Amino acid sequence: MTFGEFLSDRLFRIMVQLLCVALAGLFLWATGTQPGVLVILILALLLVFAAVQLTDFFRQRARLRELEAVLDGLDQKYLFAECVPAPKNLYERRLFDLTRRAGRAMTGAVSDARAAQREYREYVEEWVHEVKAPITAARLICRDLDGGASRKLMAELAQIEAHVERALFYARADNPEQDCLLRQVNLGKIAAQAIENHRSLLIWSGVRVEMDGLDCAVYTDEKWTVFILGQLLQNAARYRGTEPVITLSAKPLGNQIRLTIQDNGIGIPAHELPRVFERGFTGSNGRNRGGSTGMGLYLCGKLSGFLELGLDIASEEGKWTTVTLTFPAKENLTKL
């Protein structure tokens, strides 16, 4: 709070007080008070008035700084009313009592919302694990069918499994630290696992996958990174062109490792590129081909941020799309 703000807040009160001083001076002058005495009285009143205002200003400013320091030191700002120093006067006591009652009501609402969110997340995780059993059973049944029908059903089951997996990771995305282990893993192993997880879709789509220079170590969470690569492979297969090829290549970049996933698919319009990581954004390609949820790249962006992965995308419509993942050096990781 500045002195100008203080005066502006008290402008009406100050004007009333100055008017009272002026009226008192007029009364004293009208009753025959000597001019010298009158000037001394008015100056004394003005000095007392100015001293009171300055005292109030410094007291209020110190109090505000004290309260701001308390608020800045709290991780959970809504607990401010419970942590403030003892109120200085009756007005503050009443005000902070109201604030504290409102804060407790909000704390209760926050606790209820978190409990409901936690229950929903636990239900989704349990449902995902339960629904995997019939998917596995359906895969086994597909083995007894003829080749063409079996491949089509296996591809559809792969899509169902991908949606189920996406739901699981979405449920965990708000608290990834509870299921995250950053350690040194082989990048080739991660890529091979992601390809294996989506092998049916890639085969059915006629996509050829090429790998180059992936025999290197990176620091990341294996499961979450497999999921991110899986989403990128699914997008490349979904928006494939003729004779589709996906190339995964890695190269060192100082102490970092840069992984590039490039395809020769239909690409992304330039005006849509800045929005591809937004939640629910499907773009013109997603609307034209159908089946897009707009959640895959959104989850990739969110999880990449937690894993401290650099994530960039470039594309030329009708020709190619390239996604780059930059794995940080061990010494730069803050979550190890």
Side-chain angles (χ1 to χ4, degrees), residues 75 121 125 162 165-198 202 209-237 245-263 265 267-268 272-281 294-316 320-336:
D75 292 331
R121 184 174 63 250
E125 292 180 4
E165 183 184 38
R166 196 176 294 119
L168 175 62
F169 278 85
Y170 181 74
R172 293 176 175 175
D174 286 334
N175 298 282
E177 65 279 354
Q178 297 179 359
D179 189 38
C180 179
L181 176 62
L182 297 180
R183 60 189 181 90
Q184 182 176 319
V185 292
N186 183 270
L187 183 56
K189 178 184 176 183
I190 293 175
Q193 184 62 56
I195 293 169
E196 177 61 27
N197 290 349
H198 301 283
L202 295 172
V209 179
E210 299 178 351
M211 294 186 287
D212 179 40
L214 301 187
D215 188 18
C216 54
V218 295
Y219 288 89
T220 189
D221 180 272
E222 182 175 352
K223 179 169 62 176
W224 292 87
T225 308
V226 166
F227 173 78
I228 292 173
L229 288 181
Q231 298 305 300
L232 300 177
L233 290 173
Q234 287 182 66
N235 280 355
V245 178
I246 302 175
T247 303
L248 287 79
S249 60
K251 63 178 181 179
L253 187 68
N255 293 331
Q256 301 174 326
I257 299 295
R258 175 168 290 177
L259 173 65
T260 302
I261 303 97
Q262 184 169 18
D263 65 61
I268 304 170
E272 294 181 1
L273 273 176
R275 300 188 59 193
V276 294
F277 295 112
E278 293 181 7
R279 182 179 181 274
F281 180 73
M295 298 301 295
L297 287 179
Y298 164 74
L299 287 174
C300 288
K302 191 168 186 177
L303 297 178
S304 294
F306 178 78
L307 296 175
E308 301 180 44
L309 298 175
L311 178 62
D312 299 288
I313 187 168
S315 183
E316 184 175 349
W320 52 267
T321 298
T322 298
V323 179
T324 303
L325 284 173
T326 305
F327 292 86
K330 180 181 178 179
E331 57 270 19
N332 294 336
L333 285 168
T334 62
K335 300 182 177 65
L336 271 180

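For clarity, every value in this text was computed on a predicted model and none was experimentally measured.
Gln193 and Asn197 share a donor-acceptor pair across their side chains, judged by distance under 3.5 Å alone.
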**Study point:** Thr225/Val185 under side chain to side chain contact (heavy atoms under 4.5 Å, CB included): CA gap, chis, key distance, verdict
**Key:** CA-CA 10 Å; Thr225 308; Val185 292; over 6 Å; no
Exercise for review: Any chance you could lay out the side chain to side chain contact (heavy atoms under 4.5 Å, CB included) test for Leu259 and Leu214, step after step, and finish with the verdict?
Suggested key: CA-CA 8 Å; Leu259 173 65; Leu214 301 187; 3.6 Å; yes
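In this structure the side chain of Gln231 never reaches within 4.5 angstrom of the side chain of Met295, judged on heavy atoms.
In this structure, Ala250 and Cys216 approach most closely via the heavy-atom pair CB-SG, 4.3 Å. The nearest pair of heavy atoms linking Leu248 to Ala191 is CD2-CB, 4.0 Å. Counting all heavy atoms, side chain and backbone alike, Gly267 lies closest to Thr321 at CA-OG1, 3.4 Å. Nearest heavy atom pair, residue Ala217 against residue Gln184, reads CB-NE2, 3.5 Å. Across Leu297 and Phe277, no two heavy atoms sit closer than the pair O-CD2, 3.2 Å. Nearest heavy-atom pair across Leu233 and Leu202 is O-CD2, 4.4 Å.
At least one donor-acceptor pair closer than 3.5 Å links the side chain of Ser315 to the backbone N or O of Trp320. The closest donor-acceptor contact from the side chain of Asp221 to the backbone of Leu182 lies at 3.5 Å or more, if one exists at all.
Taking the six-membered ring where tryptophan is involved, the planes of Trp224 and Phe169 are perpendicular, since the angle between them exceeds 60° and thus also 30°.
Here the CG-CD distance, from Leu229 to Gln234, works out to 11.5 Å after rounding to the nearest 0.5 Å.
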